[in-house]
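If you read the sequence from its start, that first residue is 1, and numbering goes on from there. Since the structure is predicted, the reported quantities are computational estimates derived from the model, not experimental observations.
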Amino acid sequence: MAEFSFELNDDQKAVREWIHGFAADVMRPAAAEWDEREETPWPIIQEAAKIGLYSLDFYAQQYFDPTGLGIPMTMEELFWGDAGIALSIVGTGLAAVGVLANGTEEQIGTWIPQMYGDANDVKVAAFCSSEPDAGSDVSAMRTRAVYDEAKDEWVINGTKTWATNGGIASVHVVVAAVDPELGSKGHASFIIPPDTPGLSQGQKFKKHGIRASHTAEVVLDNVRVPGSCLLGGKEKLDERLARARERATAGGERLKNAAMATFEASRPAVGAMAVGTARAAYEVALDYARTRQQFGRPVIDNQGVAFQLADMRTRIDASRLLVWRASWMAVNGKPFDSAEGSMSKLFASETAKTVTAQAVQILGGNGFTREYPVERMHRDAAIYTIFEGTSEIQRLVIARTLSGVPIR
């Protein structure tokens with residue numbers, strides 16, 4: 001088990017500087033353009049692929065970093081560059097985590113490489129869980145998967161929404177109910193291979209922020225996939241469902257479902273994204289306050305501004321520490337007995353909203369214009385308290401974990 005440290009090692013520092021350079025030199029100069037275009041920045045993703053930043057090998061190295069800090073460090077630097085472009089680069093990772101969390105070794109080796117493609121032909125992947133009538137409440141999921149034993153195929157029908165890369169992905173990972181009577185315990189995850197008939201893109205959303213990231217509905221109309229596309233395999237699913245039925249009959253303990261296993265693994269990473277955006281806005285505000293002259297002196301000479309900056313930096317550093325703690329715990333198999341993963345996402349997400357709003361305020365009228373990046377950062381930050389579990393859901397998870405009571 002790796003020792004927990006507040007200091008990155010030399011290799012991690014080198015990787016951080018490498019990512020920071022890409023974020024500063026490639027992402028930031030293109031951020032405003034792709035935000036206005038509201039399109040997937042394929043050229044930027046390809047540039048990331050050419051240097052190995054968008055690749056299975058790179059993310060595997062970070063994912064298996066024994067300190068747990070590889071992924072949060074990467075996310076912070078990329079989202080410091082620009083949240084919309086960064087999400088286009090890392091969005092595939094959520095689908096990959098879904099396969100890592102629930103798939104067999106063969107499935108991991110077969111499908112994750114296809115999610116990324118290569119530098120000459122980049123691909124993206126999508127994780128599809130949310131539905132029009134079931135966002136955070138995954139137990140209300142209506143998408144159904146029915147097993148056709150004669151053909152050893154699963155038939156999937158339903159509509160997914162808010163899917164990053166939905167419809168444009170090469171590989172989709174779809175969560176569906178296989179036993180609706182068990183609620184969220186009756187869910188399973190499926191790989192939908194490229195060009196599978198019946199899968200189509202529905203509405204593409206025009207968003208308030210992270211506009212360079214593609215978000216859309218995914219429609220599944222009698223989609224048929226081989227039995228081998230059930231993550232974890234049929235035998236494992238049947239065993240899990242049997243245990244769930246027994247516990248349901250006996251009123252026993254709750255079981256994790258496929259979607260929640262993915263979200264639990266990714267929440268500290270989302271917290272790191274929020275830290276990156278907050279840090280970016282803070283740095284702009286600090287530089288502005290040092291250089292902007294009012295009444296013959298720098299704005300930062302005003303306590304009202306200086307104290308805001310002090311609070312901003314304090315919240316950012318506290319958020320990073322919560323993220324690092326949860327990331328270290330996750331990679332070292334430490335249980336989240338106090339919902340530390342949800343804590344990290346909750347605090348960092350709320351920090352990003354607060355800090356970017358303060359940055360706009362410090363810049364005054366300039367902060368409200370698109371001539372300065374804090375306006376875009378403020379719009380981008382709004383998503384962190386919404387996706388992969390709203391702040392209200394994080395509080396519910398934390399409260400239930402601490403109290404042991406099924407608070408509603």
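The pair D311-R315 fails the salt-bridge criterion, with no side-chain N (NZ, NE, NH1 or NH2) lying under 4.0 Å from an Asp/Glu carboxylate O. The pair R379-D35 meets the salt-bridge criterion, with a side-chain N (NZ, NE, NH1 or NH2) lying under 4.0 Å from an Asp/Glu carboxylate O. Salt-bridge annotation for R370 and E36: present, with a side-chain N of the basic residue lying under 4.0 Å from a carboxylate O of the acidic one. Contact check on K123 versus D121 returns a salt bridge, with a Lys/Arg side-chain nitrogen under 4.0 Å from an Asp/Glu carboxylate oxygen. A salt bridge links E76 and R279; the closest N-O separation between the charged side-chain nitrogens and carboxylate oxygens is under 4.0 Å. Using a 4.0 Å cut-off between a side-chain N of Lys or Arg and a carboxylate O of Asp or Glu, R224 and D148 qualify as a salt bridge. Using a cutoff of 4.0 Å between basic side-chain nitrogens and carboxylate oxygens, R245 and D179 are scored as salt-bridged.
Side-chain contact between S88 and I45 is present, with at least one heavy-atom pair separated by less than 4.5 Å. Side-chain atoms of F127 and S129, non-hydrogen and from C-beta on, do get closer than 4.5 Å to each other.
The distance from the OG1 atom of T314 to the OH atom of Y282 is 8.5 Å, given to the nearest 0.5 Å. Within the model, atoms CH2 of W324 and CG of L8 stand 4.0 Å from one another, a figure rounded to the nearest 0.5 Å. A distance of 14.5 Å separates CZ of R292 from CD1 of I300, quoted to the nearest 0.5 Å. Note that CG of L241 and NZ of K236 are 12.0 Å apart. Values are rounded to the nearest 0.5 Å. Here H208 contributes atom NE2 and I210 contributes atom CD1; the two are 10.5 Å apart, rounded to the nearest 0.5 Å. With values rounded to the nearest 0.5 angstrom, N102 atom CG is found 4.5 Å from S189 atom OG.
Using a 3.5 Å distance cut-off with no hydrogens or angles, the side chains of N120 and Q46 do not pair a donor with an acceptor. For the residue pair T161/S130, the side-chain donor-acceptor check at 3.5 Å is not satisfied. No side-chain donor from either of D57 and S55 sits under 3.5 Å from a side-chain acceptor of the other. Side-chain atoms of Y54 and T92 include a donor-acceptor pair closer than 3.5 Å.
Checked against side-chain hydrogen bond (donor to acceptor under 3.5 Å, both in side chains), K13 has the following partners two or more places apart in sequence or in another chain: E7. Residues satisfying the side chain to side chain contact (heavy atoms under 4.5 Å, CB included) test with Q62, not counting sequence neighbours, are V15, F58, I71, M73, T74. With sequence neighbours left out, T104 forms a side-chain hydrogen bond (donor to acceptor under 3.5 Å, both in side chains) with Q107. Listed by chain and number, the residues in a side-chain hydrogen bond (donor to acceptor under 3.5 Å, both in side chains) with W80 are E283 (sequence neighbours excluded). Not counting sequence neighbours, E235 has no partner by the side-chain hydrogen bond (donor to acceptor under 3.5 Å, both in side chains) test. Residues satisfying the salt bridge (charged side-chain N to carboxylate O under 4.0 Å, His left out) test with R376, not counting sequence neighbours, are D82. A search for ring-ring contact (aromatic ring centres under 6.0 Å, His included) contacts involving F22 returns nothing, not counting sequence neighbours.
Cation-pi geometry between R320 and F6 is not satisfied (NZ or CZ under 6.0 Å from the ring centre, within 45° of the ring normal).
A pairwise comparison of heavy atoms in S342 and I398 identifies CB-CG1, 3.9 Å as the closest pair. Between P66 and V331, the closest heavy-atom pair is O-CG1, 3.4 Å.
Residue pairs meeting the salt bridge (charged side-chain N to carboxylate O under 4.0 Å, His left out) criterion with at least one member in residues 95-107, sequence neighbours excluded, do not occur. Residue pairs meeting the side-chain hydrogen bond (donor to acceptor under 3.5 Å, both in side chains) criterion with at least one member in residues 21-33, sequence neighbours excluded: E33-R37. Listed by first and then second residue, the salt bridge (charged side-chain N to carboxylate O under 4.0 Å, His left out) pairs that reach into residues 347-356 are E350-R395, sequence neighbours excluded. Here salt bridge (charged side-chain N to carboxylate O under 4.0 Å, His left out) pairs that include residues 188-206, with residues two or more places apart or in two chains, are E38-K206. For residues 84-104, no pair satisfies salt bridge (charged side-chain N to carboxylate O under 4.0 Å, His left out), with sequence neighbours left out.
Ring pair F190/W154: centre-to-centre distance below 6.0 Å.
For CD of Q361, the number of neighbouring non-hydrogen atoms (other residues, nucleotides, ligands) closer than 6.0 Å is 12 at most.
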